[in-house]
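Structure first, commentary second.
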Amino acid sequence: MSDFVKIIGVNEEAYDTKTFEFQWDEKAIPGQFIMVWVPGMEEIPMSLSKTGRIKSITVKAIGASTRKLHELTIGDSLRIRGPYGKGFDLTKGKKILIIGGGVGTASVMPAIKESGADAIIGARTNKDVIMDDLGHKYAKNLWISTDDGSMGFHGNAVQLMREKVAENNYEIIIACGPEIMLYYIYQACVELNLDCQLSLERHMKCGAGICGCCVIDDQRVCKDGPVFTKEQISKMKDFGVQKRDECGRILKFR
Amino acid sequence: MSDFVKIIGVNEEAYDTKTFEFQWDEKAIPGQFIMVWVPGMEEIPMSLSKTGRIKSITVKAIGASTRKLHELTIGDSLRIRGPYGKGFDLTKGKKILIIGGGVGTASVMPAIKESGADAIIGARTNKDVIMDDLGHKYAKNLWISTDDGSMGFHGNAVQLMREKVAENNYEIIIACGPEIMLYYIYQACVELNLDCQLSLERHMKCGAGICGCCVIDDQRVCKDGPVFTKEQISKMKDFGVQKRDECGRILKFR
Amino acid sequence: MLETCIGKLKLEKPGMVASGIMDETGASMVRMLESGAGAVVTKSIGLEPNAGHANPTFTEVKGGFVNAMGLPNPGIKMFKEEMNIAVPKGKIIGSIYGASADDFSKLAITMEEYGASAVELNLSCPHAKGYGMELGTDPKLVGSIVSAVKSAVKIPVWAKLTPNTHILTDIGVAVQDAGGDAVVAINTLKAMVISPEFAKPFLSNKFGGLSGPGIKSVGVRAVYDLGSVLDIPIIGVGGIADWRDAAQYIMAGASAFQIGSAIANKGPTIFDTINKDMIKFMRDFGYSSILDMVGVAHE
Amino acid sequence: MLETCIGKLKLEKPGMVASGIMDETGASMVRMLESGAGAVVTKSIGLEPNAGHANPTFTEVKGGFVNAMGLPNPGIKMFKEEMNIAVPKGKIIGSIYGASADDFSKLAITMEEYGASAVELNLSCPHAKGYGMELGTDPKLVGSIVSAVKSAVKIPVWAKLTPNTHILTDIGVAVQDAGGDAVVAINTLKAMVISPEFAKPFLSNKFGGLSGPGIKSVGVRAVYDLGSVLDIPIIGVGGIADWRDAAQYIMAGASAFQIGSAIANKGPTIFDTINKDMIKFMRDFGYSSILDMVGVAHE
Ligand SMILES: Cc1cc2nc3c(=O)[nH]c(=O)nc-3n(C[C@H](O)[C@H](O)[C@H](O)COP(=O)(O)OP(=O)(O)OC[C@H]3O[C@@H](n4cnc5c(N)ncnc54)[C@H](O)[C@@H]3O)c2cc1C
Ligand SMILES: Cc1cc2nc3c(=O)[nH]c(=O)nc-3n(C[C@H](O)[C@H](O)[C@H](O)COP(=O)(O)OP(=O)(O)OC[C@H]3O[C@@H](n4cnc5c(N)ncnc54)[C@H](O)[C@@H]3O)c2cc1C
Ligand SMILES: Cc1cc2nc3c(=O)[nH]c(=O)nc-3n(C[C@H](O)[C@H](O)[C@H](O)COP(=O)(O)O)c2cc1C
Ligand SMILES: Cc1cc2nc3c(=O)[nH]c(=O)nc-3n(C[C@H](O)[C@H](O)[C@H](O)COP(=O)(O)O)c2cc1C
Ligand code: FES
Ligand code: FES
């Protein structure tokens with residue numbers, strides 16, 4: 001349900017990314033998201049980057065609304081609703097490798113914490129790496145990849161994943177990040193015969209599974225997802241190929 | 001909430017009184033009541049005469065609606081809503097004497113069952129005595145009074161009560177029956193310095209504490225009662241004196 | 001901090017008991033006043049005693065209640081006794097219903113004699129043939145009733161409006177133009193409950209009115225719409241169960257509010273709870289009086 | 001047993017997806033058809049692409065949802081692709097909105113070309129300026145729009161009505177007199193949600209429409225009222241979440257029903273569940289077809 005919460009902590013994760021903490025008693029599981037609003041911005045979806053009693057969102061400033069959120073400080077308030085969506089299923093007893101790409105790292109951090117699994121954080125440069133402190137704390141092993149090699153592995157997260165999968169017998173990949181990254185992770189999982197759970201994004205309005213604007217094929221990202229299984233993804237024609245704008249028009253990724 | 005239930009058992013308690021059993025999963029406590037309706041009658045309040053998973057009402061035919069209920073048989077249906085009201089508080093650890101007068105016996109039967117206390121059933125004649133079989137089964141000691149002496153003690157239930165109180169050290173009287181009987185029970189309790197919980201009746205419409213038509217002074221019988229404590233009753237100017245009709249006009253008892 | 005006024009009528013607390021809820025007898029009105037209500041609106045009273053519709057008159061639904069009590073009341077003559085008990089204990093608003101301007105005027109005069117602080121004209125009950133919303137959706141008729149009552153009494157005259165119309169603001173303007181002192185919005189929404197097993201409407205009157213939490217957002221919008229066109233005060237009612245609900249109405253433009261259905265489940269203490277929570281909110285957010293909050297959502 | 005017909009249009013199952021819910025894309029319409037819906041009504045489509053209102057466009061309230069999506073849609077031209085996917089899989093009803101009889105006719109003609117089984121005229125959206133209920137509360141205008149569309153297409157023409165009016169039955173009669181094939185009732189109730197802490201309406205459009213369980217008894221009454229005056233079929237919508245809700249609408253006079261909000265929480269399987277439960281009810285109570293139940297609560 002909807003609620004009004006006060007920001008009790010702000011953490012700068014990177015030059016363009018901030019975490020906002022608040023107390024909120026709703027139960028949430030790793031991978032779920034909320035809709036966030038303050039006057040003067042559009043309401044937008046944000047993954048929970050902490051899912052305990054103290055919760056948080058981790059916001060990358062990329063446009064008007066996320067920049068508006070970046071103006072907030074301790075004592076300011078948010079109107080939030082949720083939590084929405086299906087989170088990660090960590091109960092399968094399989095050996096997990098968790099991958100966060102860019103700000104997608106925020107979304108998988110609660111899963112890293114809850115599972116204590118091995119994890120990879122992928123980013124463009126060392127300046128874009130976020131939450132590696134928490135990652136080191138919660139993951140059994142944490143590896144970092146940067147596209148320019150300025151930190152950790154030199155290359156993208158999918159390349160690093162392939163390397164780590166070769167070294168360890170992971171059975172399932174859990175990941176959140178840019179769709180292009182997820183697309184290659186999915187391809188790798190098919191090739192290597194690994195299971196996976198990927199957290200996807202689409203333009204959201206209701207967040208509650210009713211308006212239908214966030215669909216990938218016939219699946220509502222907000223309600224049937226945002227975390228989808230390998231089997232669900234295997235049926236998606238849109239995945240990695242196209243999305244829809246606010247009008248419902250098709251936009252090709254490439 | 002409201003529900004539709006099927007009658008699974010009918011028991012003739014007396015020439016003018018029948019019990020209708022049905023399965024209903026709502027939780028109910030002794031002393032609570034429901035509103036009962038089938039097409040062709042007015043909806044009326046009825047105490048639950050069984051409060052387990054199988055519930056029942058025990059109906060004395062006195063007018064159009066109760067006679068309509070008497071036409072029903074196994075397989076017929078009722079629309080019921082509730083359970084409503086405050087029931088008897090049996091948790092006080094005091095030594096209890098339970099008194100049912102006339103069809104009021106139905107309302108106290110679940111309390112007799114739950115407490116296993118001593119009990120009195122009062123009626124006009126032996127033909128009007130109901131549920132004495134159950135009373136014998138559930139009460140530690142069951143005594144019966146009839147006004148004409150055709151069964152048990154010769155006299156009214158209040159006289160019998162005074163006798164039994166003199167013999168045993170009861171601390172609290174629990175009772176349901178005609179207001180005139182309850183009035184004398186209350187007077188006796190004041191005199192003998194006994195606690196009491198009495199189940200009262202008034203004309204009911206909503207049953208849910210909203211319309212205000214069932215008030216005794218400022219207390220809603222349907223919501224604040226129907227079971228009232230000695231202290232509550234001590235403040236009632238209307239008790240035993242007057243009630244209100246469907247229009248809210250005052251009707252004197254005498 | 002909680003004082004408010006509806007025109008010239010001052011209330012120490014902004015919450016009133018809505019008409020039809022625990023307000024048919026003197027003693028229950030006193031109980032409500034003692035529970036923290038700023039005023040009590042009486043059950044709607046007519047010229048003659050009325051038993052109302054036969055039971056069933058009420059049922060729970062998801063999101064609230066549906067009722068068709070049918071305006072039961074002891075008639076204005078006998079209601080004197082109840083007023084005599086209640087009026088000395090606090091502000092009582094006399095709700096009245098009639099079939100004509102003349103009925104309303106007579107009733108209003110008597111309510112004034114009984115000591116009512118204001119009269120509330122029920123132009124909005126959705127389930128009483130020939131009364132209520134059947135009158136209340138005709139702006140001309142509404143205007144003529146309000147005018148007549150205004151010239152009959154000195155106490156403030158409020159008109160209670162129905163949301164079951166697309167010309168709500170026209171009706172509000174008609175009240176204002178006729179000299180009405182305030183509008184009250186909303187009464188219940190037209191509704192019906194059918195029992196599938198019996199293949200029949202459940203209420204004896206077939207039709208009823210929906211009240212409770214489910215209608216709150218409808219009421220808030222009605223008040224906001226009225227607030228956009230009216231200068232006279234507005235009283236908000238419909239689904240209020242906590243301070244947030246009440247604050248929504250106030251910010252939409254209501255100078256005071258009324259509570260009906262929520263009294264059933266939360267009991268009369270609901271007024272005290274809302275009063276306390278409202279003070280806390282006002283302190284936290286820097287409002288020094290209710291009137292400071294009225295209509296701020298329009299800005 | 002579940003077959004029904006709305007005039008000449010036969011449906012194998014009586015439940016349809018209501019306009020605006022999981023029906024903006026071809027694939028999601030197919031999913032709903034496969035989940036046991038007898039037909040899917042498309043999102044309301046206009047002449048041009050429309051982004052709708054900015055977020056926030058939606059929120060939960062007690063008893064339902066309040067939304068002001070603002071009729072987002074890709075425009076009738078691009079919608080062809082979606083229809084091409086959906087139409088081969090089942091009955092699709094094309095919902096359309098416009099500002100004039102001419103708009104509606106153009107859209108209806110195109111929907112007919114795309115293979116729609118009927119068109120549903122959205123004369124009832126409560127939160128789109130110049131569209132929806134702003135047209136739908138004027139019986140003459142409604143009549144002229146329906147007439148125009150009727151002479152433009154051969155497929156059945158349904159008019160979706162707003163409950164936010166006291167002249168609902170007049171509007172229904174206007175549709176019938178203009179040759180309309182069916183009426184659909186109800187669209188959402190006018191509503192507003194205010195955030196007390198921010199002292200602002202929550203939706204970017206300020207106003208919105210209330211849907212979900214809280215409006216069911218309002219919708220049942222609307223259908224019952226329409227059933228008392230109309231001979232053309234009625235389609236019931238508003239707050240349906242289980243077979244009992246659906247049965248209430250049917251007994252009030254609806255030949256078929258639509259489900260919107262409940263799809264959010266119960267998921268597309270709601271259609272299958274209702275179908276199964278309805279058959280059980282019909283067997284137990286001796287109804288051999290849906291049409292046997294239509295309007296029985298009037299007797
Ligand atoms: C389930 C989910 C979880 C997310 N979690 C996070 C997170 O934890 N941290 C984070 O920084 N970002 C997250 N995002 C993305 C975030 O919602 C967008 O970055 C934000 O909406 C951009 O808004 P803007 O006004 O700043 O940018 P704009 O300039 O308005 O838009 C930039 C891009 O953001 C996306 N976007 C805009 N509005 C929406 C919307 N209503 N729904 C979905 N995408 C939108 C679009 O791709 C758009 O092209 C998440 C998105 C989804 C769907
Ligand atoms: C809390 C409560 C519990 C009750 N439990 C039982 C019970 O277990 N068994 C039983 O046989 N009776 C019970 N009654 C009484 C029962 O409701 C009435 O006998 C019944 O309503 C009579 O209806 P009628 O149409 O047959 O008679 P009518 O001829 O209509 O009325 C006869 C008398 O019944 C009473 N009555 C009628 N309608 C109502 C009403 N809506 N609310 C209250 N009283 C009414 C009035 O005193 C009236 O004078 C209970 C009443 C209350 C208030
Ligand atoms: C049982 C009941 C009886 C009512 N009787 C009246 C009445 O007599 N006169 C009136 O103007 N409104 C009457 N109403 C309407 C309420 O005063 C109020 O406008 C409506 O219930 C909405 O408020 P709520 O949601 O807080 O109940 C009644 C409502 C209920 C539930
Ligand atoms: C998110 C949302 C979008 C809607 N969009 C439309 C629409 O485009 N056209 C329309 O005629 N009705 C629209 N409606 C109204 C529904 O079709 C339906 O009439 C209403 O929601 C009541 O049904 P429900 O309670 O089952 O949701 C929409 C409703 C919701 C909740
Ligand atoms: S955002 Fe509305 S269905 Fe997903
Ligand atoms: S019967 Fe309505 S308050 Fe008791």
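Throughout, protein chains are lettered first and strands after them, A, B, ... in sequence-line order, and every chain is numbered starting at 1. Not measured: the values here are computed from a predicted model.
- With a 4.5 Å cut-off on non-hydrogen atoms, D/Phe202 does not touch chain C at all.
- Contact tally against chain C (heavy-atom pairs below 4.5 Å) for D/Ala241, D/Ala247, D/Pro213: the top residue is D/Pro213.
- Contacts between D/Asp225 and chain C at a heavy-atom distance below 4.5 Å involve the side chain alone, from C-beta outward.
- Annotation: side chain of D/Phe285 is not in contact with side chain of C/Pro196 (no heavy-atom distance under 4.5 Å).
- Only the side chain of D/Val66 comes within contact range of chain C, judged by heavy atoms closer than 4.5 Å.
- Listed by chain and residue number, D/Asp245 satisfy the salt bridge (charged side-chain N to carboxylate O under 4.0 Å, His left out) test with D/Lys216 (two or more places apart in sequence, or in another chain).
- Comparing C/Lys200, C/Lys206, C/Arg244, C/Gln248 by heavy-atom pairs within less than 4.5 Å of chain D, the highest count is held by C/Gln248.
- Ring geometry for D/His166 against C/His166 counts as parallel: the plane angle stays under 30°, on a 0 to 90° scale with 60° as the upper cut.
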Hey, mind stepping through D/Val223 and C/Met192 against side-chain contact (heavy atoms from CB on, under 4.5 Å) and telling me if it holds? CA-CA 10 Å; D/Val223 168; C/Met192 176 181 260; over 6 Å; no
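- For C/Val218, the parts sitting under 4.5 Å from any heavy atom of chain D are the backbone and the side chain alike.
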Walk me through it: do D/Arg221 and C/Leu189 pass the test side-chain contact (heavy atoms from CB on, under 4.5 Å)? CA-CA 10 Å; D/Arg221 171 159 185 175; C/Leu189 299 178; over 6 Å; no
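- Chain C is approached within less than 4.5 Å, heavy atom to heavy atom, by D/Val296, D/Ala297 from residues 292-299 of chain D, ordered by number.
- Of the listed residues (D/Gly64, D/Ala191, D/Pro201, D/Gly219), the one with the most heavy-atom contacts under 4.5 Å to chain C is D/Ala191.
- Between chain D and the residues C/Ala199, C/Gly63, C/Ala252, C/Pro163, the largest count of heavy-atom pairs under 4.5 Å involves C/Ala199.
- Residue C/Ala222 does not touch chain D at all, counting heavy-atom pairs closer than 4.5 Å.
- Expressed to the nearest 0.5 Å, how far NZ of C/Lys62 lies from CG of D/Asp242 amounts to 4.5 Å.
- Heavy-atom distances place the side chain of D/Phe281, and not its backbone, under 4.5 Å from chain C.
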